[in-house]
Amino acid sequence: MSEFSNSDQAIFAEWRQKIAIANRHNIFCHCRDCGEEWVDSHRNVSCPACQSQKLEYIACWQFPDG
């Protein structure tokens, strides 16, 4: 028997889906070569400043508001 009700499980599933969507569409990008930073919807892009492929990606939802 699960410790969560079906209603709770549905809420958790919806929450996980929203996190997955945020991960796909709000990615903080940092260029390891020139330090440029931007938010993009895609991974595996080139740095807009220096065209480097040496990038770090962080999901924006991981940053606190304000």
For a quick test of your reading: what N or O donor-acceptor pairs under 3.5 Å do the side chains of residues 31-41 make, sequence neighbours left out?
{"unit_1": "D33", "atom_1": "OD2", "unit_2": "S52", "atom_2": "OG", "d": "2.6"}
{"unit_1": "W38", "atom_1": "NE1", "unit_2": "D40", "atom_2": "OD2", "d": "3.4"}
{"unit_1": "D40", "atom_1": "OD1", "unit_2": "H42", "atom_2": "N", "d": "3.1"}
{"unit_1": "S41", "atom_1": "OG", "unit_2": "H25", "atom_2": "O", "d": "3.3"}

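- When every heavy atom of V45 is checked against every heavy atom of Y57, the shortest pair comes out as N-OH, 3.6 Å.
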Test side chain to side chain contact (heavy atoms under 4.5 Å, CB included) on N6 and Q9 and set out the steps.
CA-CA 5 Å; N6 286 340; Q9 290 179 14; 4.2 Å; yes

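- Taken to the nearest 0.5 Å, the CD atom of E56 stands 10.0 Å off from the SG atom of C29.
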